[in-house]
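See below for the structure under consideration.
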Protein chains: 4
Amino acid sequence: MTDKKEHIVNSAVELFAEKGFEGTSIRELAAKAEVNVAMVNYYFGSKEKLFEAMVAQKAAYSRGMIDEIVKDKTLSDIEKIDRIIDGFVNRLFTNRKFHRIIHQELMLSQRENLQQAIVDILYPNSLAVKTLIDSAIKKGSFKKVDSALVIATVIGTINHVLLSKKMCNKLFGKEDSHVPYEDPKFIKRVGDHLKEIMHAYLLKN
Amino acid sequence: MTDKKEHIVNSAVELFAEKGFEGTSIRELAAKAEVNVAMVNYYFGSKEKLFEAMVAQKAAYSRGMIDEIVKDKTLSDIEKIDRIIDGFVNRLFTNRKFHRIIHQELMLSQRENLQQAIVDILYPNSLAVKTLIDSAIKKGSFKKVDSALVIATVIGTINHVLLSKKMCNKLFGKEDSHVPYEDPKFIKRVGDHLKEIMHAYLLKN
Amino acid sequence: MTDKKEHIVNSAVELFAEKGFEGTSIRELAAKAEVNVAMVNYYFGSKEKLFEAMVAQKAAYSRGMIDEIVKDKTLSDIEKIDRIIDGFVNRLFTNRKFHRIIHQELMLSQRENLQQAIVDILYPNSLAVKTLIDSAIKKGSFKKVDSALVIATVIGTINHVLLSKKMCNKLFGKEDSHVPYEDPKFIKRVGDHLKEIMHAYLLKN
Amino acid sequence: MTDKKEHIVNSAVELFAEKGFEGTSIRELAAKAEVNVAMVNYYFGSKEKLFEAMVAQKAAYSRGMIDEIVKDKTLSDIEKIDRIIDGFVNRLFTNRKFHRIIHQELMLSQRENLQQAIVDILYPNSLAVKTLIDSAIKKGSFKKVDSALVIATVIGTINHVLLSKKMCNKLFGKEDSHVPYEDPKFIKRVGDHLKEIMHAYLLKN
DNA sequence: TATGAATGAGCCTTCATTCAT
DNA sequence: CATGAATGAAGGCTCATTCAT
């Protein structure tokens, strides 16, 4: 991919995350990427196709991680859960702007086919986690829990924390200028919380 | 509030939830509410002020519930948590369209002052839960946990489930036409999951 | 129809005749009609629908004339032909700008449904003339001629003269500034020419 | 002229005839001619100059034919008229796409200098026919007719028939898929009609 | 109070053209 | 000689809003 195309995509992530799809104008986007307004259509064909191209490119980060962890025979089931939690926390915090876009898009009923594409990308992750837990339950290493909802708790917790800087700072007693999402201590704290919850919830005492 | 004003606000909730703020046009809104296009500006002054008015009106539902539960001296701490979980599940499922809007709004950096208003509305809930847990920890009835993140897990889990009908149906093995958010069994299942998690996490074994 | 709508339609006739459909911009059109650019879409929905509305309105002039002449029992067949020629000459010269648009539109393969509409409007005229001639042939008052092509000769001759002022002036030895289409002598000349031709062609010697 | 240049010109004739000058984009044209978009400007300088080049090249076909017929001493005056009619019918039917463009161009007031060029090309034909008829009138072999309008009738009739396939098929009772312009019987019919008209009109009985 | 008409700004997109190689 | 990339202008259209009644 050429430099300019990539530059446009990166600017798009920023703006779409801040203002949403309809709230972002091509003029604004071109200004941020320092290219001509016509370039966006030249490269991507339309605003919507740029959006799709951005999703296709940036979504790559989410693939594969979970599978590798699940397959790893040196890890116990609960260790796998811990690794998966760390994996999600790191990826969602790192790619939080893109993740915000995905989040918005899933909520809206516009652009149905894009929604389908997103579901197709995210679903395998959820399924892999569910399968892992189900098999651990069968083996007797985990308690009988609602395996399909575990992933909702993990990702939901992270999402909720990523939702609003303002809310986050207020809850954790930081001043407004603090950026919790780049604070390693805070990131660790979220991971630890999830791991403790899951240990308590999944492991037989 | 006159009938027409309320009618407009209700149409606004529907459309803003489906299409977002920028994605919803006043013409569309007026058509759905079956009023004149000029009516919206006449009543509310502007599209943005209609949005704020809608938030102010619909947000009322979320106030008070938690406080009553916390104050109730006939309940144990864990019973209070159970009641709070049920309260959140019921309210978020019932008002899911409005909740979606709030969710979107918190994510975007547009309309800063509205964001502040939303935080001011939601924060007391979070604080009350945190305070409840902290006092239970002090009393020794709960384990030492990260009290500020408990609320994130509760609301985050619910939100994640409410995010996308498509994803939800896929994860829970239902066909595409199923509407999980109106299925009492599904709602109960989410509440049960959260209560089990919280019991395992908060209670000393 | 409101004044403004009619004003826009009239400006549209002028501009479309001079520059064609694609060659005319809505901004230009709005400027000529002294209305806001948004008015065109407000009233007509789109540039194309304005075009169709204009055709529908202006096409009315062409209906009925021929039928009346054909039905008139006080006229001989050749007198009817003469009247029809005069009718066509007058109408095409008077409405030459609109006629030019119709002419252009019939030539292009864009806007197929509009083309169909135009054919539906014009065809009855052609058919009525053909029927008149066929019946006169049967009666023995006209020679056996190719009745379907007579209308082509009448309208084609007028069209060709209306095609280009420049060409016309050159052929008839007038200076470039002359406007033949508003010169009654010239109009009469064209009518006389067609009548002489048709007399010679249709009447048995 | 190189192959590519000619290829572009030929594609231009097709597209300009179907969609008009403004309705045809350089991208479309380049796609049809299977050359780079920059090629058109590279070879011809601009879209307008391509148009002029196309006219200059394709207009050649119309020159000379009439002169040869007029000069031919073995033909009578009316035979010359017959030959001229056949010549026009054949040429206009064969080059009908290019002719359509010329026709459109004469009608519009854009591109004045191109219009002048077209008039300069077409006028000699008209003049030669007029001169032929005037001399025949002087000799007494033709009736005293409006010689300048004869050419309008001949070309106008052919044009009118070439105007719209749809209209033509309707008038001549053919189904919509029929292509009258490539039907030799139909072509002959138009020529015969014109010759009969001209015989009746020009010859003393 | 209520509304159809009207407005100017902005939208996304496409255009003919030019540039750098 | 040829071309993919790039550009500024203009295109048709929709927007939230205001006006006149």
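Lettering of chains follows the sequences in order, A, B, ..., and the numbering in each one begins at 1. Remember, predicted model here, so these are calculated numbers, not experimental data. Excluded from the calculations below are hydrogen atoms, water molecules and symmetry mates; all remaining heavy atoms, backbone and side chain alike, are included.
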Heavy atoms from C-beta onward define the side chain here; which of [options] lies closest to that of [X]?
| X | options | result |
| --- | --- | --- |
| S25(C) | dA2(F), dG11(F), dC12(E) | dG11(F) |
| A38(A) | dG8(F), dA9(E), dC19(F) | dG8(F) |
| I26(D) | dT17(E), dA16(F), dC1(F) | dT17(E) |

Interatomic distance, [X] [atom1] vs [N] [atom2] [rounded to whole Å]:
| X | N | atom1 | atom2 | value |
| --- | --- | --- | --- | --- |
| M39(D) | dC1(F) | CE | P | 9 Å |
| L29(A) | dC11(E) | CG | P | 12 Å |
| I8(A) | dA5(F) | CD1 | P | 12 Å |
| D3(C) | dA5(E) | CG | P | 13 Å |
| N41(D) | dA6(F) | CG | P | 18 Å |
| K5(A) | dA6(F) | NZ | P | 11 Å |
| R111(C) | dG12(F) | CZ | C1' | 14 Å |
| K47(B) | dA16(F) | NZ | C1' | 8 Å |

Looking only at N and O atoms, is any donor in the side chain of R27(C) or the base of dA10(F) less than 3.5 Å from an acceptor on the other one?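 No such pair is found, so the answer is no.
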Residue whose closest nucleotide on DNA chain F lies nearer the 5' end, E22(C) versus N36(D):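 Closer to the 5' end of DNA chain F: N36(D).
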If we only count heavy atoms from C-beta on, is the [X] to [Y] side-chain gap below 4.5 Å?
| X | Y | result |
| --- | --- | --- |
| K19(B) | E22(A) | no |
| M107(D) | M107(C) | yes |
| Y43(C) | V35(C) | no |
| F21(C) | I101(C) | no |
| H103(D) | N159(D) | yes |

With heavy atoms under 4.0 Å as the rule, sort K4(B) into base, sugar-phosphate or nothing. sugar-phosphate
Taking E112(C) first and then K166(D), would you say they form a salt bridge - that is, a charged N and a carboxylate O separated by under 4.0 Å?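 Counted as a salt bridge, because a side-chain N and a carboxylate O are separated by less than 4.0 Å.
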F21(D) or E28(A), whichever maps to the more 5' nucleotide of DNA chain E: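 Final value for this comparison: E28(A).
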Can you name the nearest heavy-atom pair linking V37(D) to I26(D), along with the distance?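 So the minimum-distance heavy-atom pair works out to O-CG2, 3.7 Å.
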Check whether any side-chain nitrogen or oxygen of Y42(A) sits under 4.0 Å from OP1 or OP2 of dT7(F), and answer yes or no.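 Answer is no, no contact under 4.0 Å.
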Determine which bases of DNA chain F form Watson-Crick or G-U wobble pairs with both distances under 3.5 Å, and write the result as a 5' to 3' dot-bracket string with | for other-strand partners. .||||||||||||||||||||
